[in-house]
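Any value given below was found using the heavy atoms of this structure, including those in side chains, with hydrogens, waters and symmetry copies removed.
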Amino acid sequence: MGSFCSRQKPYNEADTEENEQDAEIERRIARETKAEQHIHKLLLLGAGESGKSTIFKQIKLLFQTGFDEAELRSYTSVIHANVYQTIKILYDGAKELAQNESDSSKYVVSLDNKDLGEKLSEIGSRLDYPYLTKEITNEIKTLWNDAAIQETYARGNILQVPDCAQYFMENLERLSEADYVPTKEDVLYARVRTTGVVEIQFSPVGESRKSGEVYRLYDVGGQRNERRKWIHLFEGVTAVIFCAAISEYDQMLFEDETKNRMMETKELFDWVLKQSCFENTSFMLFLNKFDIFEKKVQKVPLNICEWFRDYQPMASGKQEVEHAYEFVKKKFEELYFQSTKPERVDRVFKIYRTTALDQKLVKKTFKLVDETLRRRNLIEAGLL
């Protein structure tokens with residue numbers, strides 16, 4: 001019997017140790033669960049090219065540590081790819097317009113630059129782009145300055161020319177330097193489609209929970225084939241931030257060139273509003289790309305978009321810009337109330353005018369979002 005007891009002792013010690021480990025795991029889970037209760041989930045949604053990812057990068061710059069040198073350098077290939085993609089779109093677009101437009105002659109690239117155009121278009125078709133060199137940069141600059149390419153750039157709304165085109169073309173010399181390291185501004189302009197889900201945790205007023213909330217922001221791809229990944233993120237969301245690029249009322253989708261981008265945004269916003277899991281969720285609508293909108297709306301009629309057919313211009317200059325913006329804002333407000341059940345219309349709904357590239361404006365906007373959500377939390381807790 002003594003032998004039996006002596007054999008049991010190690011088992012009892014092992015059980016005790018295992019129980020202590022289990023208890024520690026339970027305590028850790030409890031601590032993490034409690035900590036998670038203080039973190040509010042924000043979902044960043046919108047159609048492709050709406051500026052969601054630029055907003056996301058701004059948050060990293062504003063409320064986290066930003067980008068270290070390794071992260072900045074990782075954008076070099078992306079930026080160089082953006083340059084090649086842009087010049088290819090413009091050269092191929094010029095050829096297409098020269099064939100199909102009535103005033104086709106102004107889209108014909110000069111004989112001296114046709115070989116350059118063919119060469120750069122071929123490079124832009126590759127999956128692996130070479131790094132920019134001084135020689136290639138000079139060739140790109142020569143083609144960019146061709147009158148036909150500039151005429152084509154003016155028709156960028158029908159050609160999927162990225163918003164970063166002008167910025168990168170104006171900075172070609174710097175981008176092609178041998179020791180080039182992208183700046184924060186370069187990174188904000190860089191275009192790379194979001195695939196999957198990326199997240200970031202931040203506080204608009206610092207990490208002290210006494211002065212502001214802590215948020216976990218999720219960004220997901222906006223193109224149609226990425227939206228199936230949204231559904232599993234819909235539970236437990238404090239607020240949806242929906243980005244709508246108001247400058248794209250005259251543009252077509254990247255993935256479907258028969259569909260107007262603003263009409264796609266309207267339908268997507270309507271669909272998100274009607275999701276049952278968002279019945280008590282706050283909505284923050286970012287009417288984004290206002291900087292592009294204010295230039296475009298003075299040249300391109302707002303009523304070119306089917307949704308805005310009833311728009312009537314009232315003035316000119318800044319007055320007309322404000323009039324047009326208020327019209328678009330009203331359209332989104334009407335859509336919100338049409339798509340929201342009567343018993344849910346009192347959920348928080350705010351509209352913000354944004355320009356994702358404007359760091360000061362993004363900072364100010366997120367502080368306003370924080371104030372709105374903190375106020376809602378206090379009301380729900382019966383403290384207001």
- Message: Applying ring-ring contact (aromatic ring centres under 6.0 Å, His included) to Phe283 and Phe242, what does each step give before you reach the verdict?
- Response: CA-CA 7 Å; Phe283 272 84; Phe242 191 94; 8.1 Å; no
- Task: Any chance you could lay out the side-chain contact (heavy atoms from CB on, under 4.5 Å) test for Leu373 and His40, step after step, and finish with the verdict?
- Result: CA-CA 9 Å; Leu373 294 178; His40 302 284; 6.0 Å; no
- Residue pair Tyr167, Asp186: steps toward the side-chain contact (heavy atoms from CB on, under 4.5 Å) verdict: CA-CA 9 Å; Tyr167 175 81; Asp186 294 345; 2.6 Å; yes
- Verdict with supporting geometry, Ser50 and Thr265, side-chain contact (heavy atoms from CB on, under 4.5 Å): CA-CA 9 Å; Ser50 61; Thr265 295; 6.0 Å; no
- Derivation of the side-chain contact (heavy atoms from CB on, under 4.5 Å) call for Tyr180 and Tyr131: CA-CA 11 Å; Tyr180 167 64; Tyr131 279 87; over 6 Å; no
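Summarising the geometry, atom CD belonging to Glu264 is positioned 12.5 Å from atom CD belonging to Glu49; distances are rounded to the nearest 0.5 Å. Here Glu248 contributes atom CD and Lys289 contributes atom NZ; the two are 4.0 Å apart, rounded to the nearest 0.5 Å. Taken from CG in Leu120 to NZ in Lys88, the straight-line distance is 10.5 Å, to the nearest 0.5 Å. The distance from the CG atom of Asp370 to the OG1 atom of Thr365 is 12.5 Å, given to the nearest 0.5 Å. Considering CD of Gln251 and CZ of Arg261, their distance stands at 4.5 Å, rounded to 0.5 Å. Ile136 contributes atom CD1, which lies 11.5 Å from atom CG of Leu172 (distance to the nearest 0.5 angstrom).
Just one of Ile292, Ile246, Val321 meets the side chain to side chain contact (heavy atoms under 4.5 Å, CB included) condition when paired with Val297; it is Val321. Of the options Thr54, Ile79, Val78, a side chain to side chain contact (heavy atoms under 4.5 Å, CB included) to Arg191 is made by Thr54 and by none of the others.
Looking at Thr76, its side chain does come within 3.5 Å of a backbone N or O of Arg73 through a donor-acceptor pair. Between the side chain of Lys274 and the main chain of Ser339, no donor-acceptor pair closer than 3.5 Å is present. In this structure, Glu96 contributes its side chain and Asp92 its backbone to no donor-acceptor pair below 3.5 Å. Remark: side-chain polar atoms of Gln58 are paired, donor with acceptor, to backbone N or O of Ala356 under 3.5 angstrom. Panel note: side chain Gln150, backbone Trp144; a donor-acceptor pair is recorded below 3.5 Å. Under the 3.5 Å distance criterion, the side-chain polar atoms of Ser104 are left unmatched by any main-chain donor or acceptor of Asn100. With Asp146 contributing its side chain and Leu143 its backbone, the two residues share no donor-acceptor pair below 3.5 Å. With Glu322 contributing its side chain and Lys318 its backbone, the two residues share no donor-acceptor pair below 3.5 Å. The backbone N or O of Cys243 sits nowhere less than 3.5 Å from a side-chain atom of Asn288 that would complete a donor-acceptor pair. The backbone N or O of Tyr218 lies less than 3.5 Å from no partner atom in the side chain of Lys41, so there is not a single donor-acceptor pair.
Two residues are said to be in side-chain contact when any heavy atoms from C-beta on lie closer than 4.5 Å; Asp291 and Asp358 fail this criterion. Between Ile158 and Leu97 there is a side-chain heavy-atom pair separated by less than 4.5 Å. Counting heavy atoms from C-beta on, the side chains of Tyr215 and Phe63 never come closer than 4.5 Å. When side chains are defined from C-beta on, Leu61 does not count as touching Val362, because their heavy atoms never get closer than 4.5 Å. Side-chain contact between Cys305 and Met263 is present, with heavy atoms from C-beta onward closer than 4.5 Å. Two residues are said to be in side-chain contact when any heavy atoms from C-beta on lie closer than 4.5 Å; Lys331 and Lys266 fail this criterion. At least one side-chain heavy atom of Ile140 sits under 4.5 Å from a side-chain heavy atom of Met169. Between Pro162 and Gln85, every side-chain heavy-atom pair lies at or beyond the 4.5 Å cut-off.
A salt bridge does not link Lys119 to Asp115: none of the charged side-chain nitrogens sits closer than 4.0 Å to a carboxylate oxygen. For the pair Lys60 and Glu71, the salt-bridge criterion is met [side-chain N within less than 4.0 Å of a carboxylate O]. Of the charged side-chain nitrogens involved, none lies within less than 4.0 Å of a carboxylate oxygen, so that Lys350 and Glu371 do not count as a salt-bridged pair.
When all heavy atoms are compared, the tightest approach of Ala239 to Thr281 is CA-CG2, 3.7 Å. Scanning all heavy atoms of the two residues, the minimum distance from Glu235 to Cys277 falls at OE2-CB, 3.9 Å. The two residues Ala94 and Val109 make their nearest non-hydrogen contact at CB-CG2, 4.3 Å. Scanning both residues, Lys134 and Ser176, for their nearest heavy atoms gives NZ-OG, 3.5 Å. Across Val240 and Val272, no two heavy atoms sit closer than the pair CG1-CG1, 4.4 Å. Nearest heavy atom pair, residue Leu132 against residue Leu175, reads CD1-CB, 4.2 Å.
Hydrophobic clustering places Phe332 together with Ile304 (ILVMFWY residues linked when any side-chain heavy atoms are closer than 4.5 Å, directly or through intermediates). Linking Ile, Leu, Val, Met, Phe, Trp and Tyr residues whenever their side-chain heavy atoms come within less than 4.5 Å leaves Phe293 and Val161 in two separate clusters. In the hydrophobic clustering of ILVMFWY residues, with side-chain heavy atoms under 4.5 Å counting as a link, Phe56 and Tyr75 come out apart. Criterion: ILVMFWY side-chain heavy atoms under 4.5 Å apart, direct or through other members. Under it, Val83 and Leu357 are part of a common hydrophobic cluster. No continuous path of ILVMFWY side-chain contacts below 4.5 Å connects Phe286 to Leu361, so the two sit in separate hydrophobic clusters.
Taking the ring axis of Phe67 as reference, the NZ or CZ atom of Lys184 does not stay both within 45° of it and closer than 6.0 Å to the ring centre.
Heavy-atom neighbours of Gln319 CD from other residues, nucleotides or ligands within 6.0 Å: at or below the threshold of 12. Shown here is Lys364, whose NZ atom has no more than 12 heavy atoms of other residues, nucleotides or ligands within 6.0 Å. For Lys363, the NZ atom sits in a loose shell: 12 or fewer heavy atoms of surrounding residues, nucleotides or ligands are nearer than 6.0 Å. Crowding of Asn138 atom CG: a count of heavy atoms from other residues, nucleotides or ligands under 6.0 Å exceeding 12.
Applying the side-chain hydrogen bond (donor to acceptor under 3.5 Å, both in side chains) definition to pairs two or more places apart or across chains, none involves residues 299-309.
Between the side chains of Glu170 and Gln166, at least one donor-acceptor pair of N or O atoms lies under 3.5 Å. A side-chain N or O of Tyr91 and one of Glu118 form a donor-acceptor pair less than 3.5 Å apart. Residues Asn171 and Tyr189 bring no donor and acceptor atom of their side chains to less than 3.5 Å of each other.
In this structure, the ring of Tyr84 has its center no less than 6.0 angstrom from the ring center of Phe168.
Shown here are the salt bridge (charged side-chain N to carboxylate O under 4.0 Å, His left out) partners of Lys141, two or more places apart in sequence or in another chain: Glu173.
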